[in-house]
Amino acid sequence: MHDYDLDATLNCGQAFNWRRDGDAWRGIVGGRWVELHSRAGKIIARAETPQPDWSWLEEYLQIHVPLETILAEFPTDDASLNQAVEACRGLRLLKQDPWECLASFILSSTKQIVQIRQITGLLRSRFGEQASVPIGCAEAFAFPRPEQIAERTEAELRECKMGFRAPYLLDASRKIAGGELDLNRIAGLPLVEAQEVLMQIKGVGEKIAECVLLYGYGFPTAFPVDVWVARALREFYFRGRKVDLPKLRRFASSHFGSQAGYAQQYLFHFIRTRRIQDKESGK
DNA sequence: GACCAGGACCATT
DNA sequence: AATGGTCATGGT
């Protein structure tokens with residue numbers, strides 16, 4: 001896969017279940033331990049036991065998605081977006097488990113990505129089931145299911161450093177475990193209705209709902225606007241002016257077209273990595 | 001120590 | 001409709 005940038009894809013703030021070890025990425029997908037390498041234009045995968053069928057991983061990584069076709073849907077007269085694509089061509093959107101995605105992004109609000117990794121990691125190791133790993137590898141845990149979270153107390157969840165987000169995660173897990181909310185039903189709904197269903201959960205607003213719809217369900221026009229994307233939109237399309245979130249969202253929905261979600265991810269990764277580089281070069 | 005982080009919610013104008 | 005404060009915790 002010459003057009004698959006594994007580093008960017010696994011480390012661009014859409015998923016929080018990957019750790020780099022040398023040139024390998026290790027994580028849990030669908031409860032299974034897996035290790036990924038990018039080598040000579042190919043992605044090499046290793047699981048704990050031999051896999052007769054890798055379709056679960058191909059689906060997660062969206063291997064079959066033709067990236068060039070998606071990029072061809074981007075607005076052509078957009079220099080900033082073109083620049084973002086050039087900076088990290090090969091960046092992909094994953095197809096994550098909706099529940100894990102929902103729970104992770106409930107925990108994401110006003111948290112840095114390193115901290116989201118820490119919180120979800122604590123949640124796994126305390127409440128998730130231990131996965132089998134190859135000899136010599138660090139222990140790993142599946143993401144706890146809704147029922148496993150729902151039976152905990154708010155105080156127990158707060159011990160995972162999630163602070164005021166604990167009642168939000170508890171509300172989500174209990175609505176789902178209790179059958180009040182069916183995550184399987186969301187996939188077939190129109191975007192706006194799907195978003196409204198998710199926003200019935202306390203602590204889930206427009207942004208978090210769009211993250212779940214984009215990363216967990218693959219709605220191609222979902223366009224989450226966080227502080228970074230807002231920053232990018234204001235700088236690139238409004239000459240740095242103060243523009244409020246509703247206006248930014250309206251602009252995005254009219255400008256980026258049928259693959260707006262992908263465009264969002266390129267802008268997010270572009271402006272974030274640029275900021276990090278600026279800091280490293282002493283600015 | 002100040003400021004910020006892949007926000008949401010609620011009270012006040 | 002639009003601000004503004006608050007929430008918990010840790011990184012830079």
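Lettering follows sequence order; numbering is per chain, from 1.
Base-pair partner of B/dT13: C/dA1 (Watson-Crick or G-U wobble, both distances under 3.5 Å). The partner of C/dT6, taking Watson-Crick or G-U wobble pairs whose two distances both stay under 3.5 Å, is B/dA8.
Map A/Val225 and A/Lys202 each onto its nearest nucleotide of DNA chain B; the residue landing nearer the 5' end is A/Val225. Between A/Met199 and A/Gln112, it is A/Gln112 whose nearest contact on DNA chain B lies nearer the 5' terminus.
One atom, CD of A/Glu154, and another, P of C/dC7, lie 14 Å apart when rounded to the nearest Å. Spacing between atom CZ of A/Phe105 and atom C1' of B/dG7 amounts to 12 Å, rounded to whole angstrom units. Between A/Ile113 atom CD1 and C/dT12 atom P there is a gap of 12 Å when expressed in whole angstrom units. When the P atom of B/dA8 is taken as reference, atom NZ of A/Lys111 falls 16 Å away, rounded to whole Å. One atom, CD of A/Gln118, and another, P of B/dG6, lie 14 Å apart when rounded to the nearest Å. With rounding to whole Å, A/Ile106 atom CD1 is found 18 Å from C/dT9 atom P. To the nearest angstrom, P of C/dC7 lies 10 Å from CZ of A/Phe164. The interatomic distance linking A/Leu267 (CG) with B/dG6 (P) rounds to 16 Å, in whole Å.
At a threshold of 4.0 angstrom between heavy atoms, the contacts of A/Arg165 include nucleobase atoms, whether or not backbone atoms are also involved. Contacts of A/Gly205 with the nucleic acid, taken as non-hydrogen atoms under 4.0 Å apart, involve only primed sugar atoms and P, OP1 or OP2. A/Tyr215 comes within contact range of at least one nucleobase, with a heavy-atom separation under 4.0 Å. Here A/Ser108 lies in heavy-atom contact (under 4.0 Å) with sugar-phosphate atoms only. In this structure, A/Cys12 reaches the bases: a heavy-atom distance under 4.0 Å links it to at least one base atom across the strands shown.
Contact of the A/Leu81 side chain with the A/Pro75 side chain is registered, since non-hydrogen atoms from C-beta on lie closer than 4.5 Å. In this structure, A/Asp7 and A/Trp18 have side chains that are not in contact, with every pair of non-hydrogen atoms separated by 4.5 Å or more.
Between A/Tyr237 and A/Phe256, a ring centre-to-centre spacing shorter than 6.0 Å is recorded.
Remark: of the listed residues A/Arg152, A/Arg158, A/Glu154, A/Arg152 is the sole one forming a side-chain contact (heavy atoms from CB on, under 4.5 Å) with A/Glu156.
Residue ring and base: A/Tyr168 does not count as stacked with B/dA8 (centre distance below 5.5 Å and interplanar angle below 30° not both satisfied).
Evaluation of atom-type donor-acceptor distances gives a pair under 3.5 Å for the side chain of A/Gln265 against the base of B/dG6. No donor-acceptor contact under 3.5 Å links the side chain of A/Glu210 to the base of B/dG6.
Considering only side-chain atoms of A/Thr110, the nucleotide from C/dG11, B/dG6, C/dA8 that sits closest is C/dA8. Closest to the A/Asp226 side chain, of the nucleotides B/dG6, B/dA5, C/dA8, is B/dG6.
Here A/Arg231 reaches the OP1 or OP2 of B/dA5: one of its side-chain N or O atoms lies under 4.0 Å away. For A/Lys161, a side-chain nitrogen or oxygen approaches OP1 or OP2 of C/dG10 to under 4.0 Å.
Below 30°, between 30° and 60°, or above 60°: for A/Trp228 and A/Phe268 the angle between ring planes is above 60°, a perpendicular geometry. Below 30°, between 30° and 60°, or above 60°: for A/His255 and A/Phe251 the angle between ring planes is below 30°, a parallel geometry.
Rounded to the nearest Å, the gap between the C1' atom of C/dA2 and that of B/dG6 is 24 Å.
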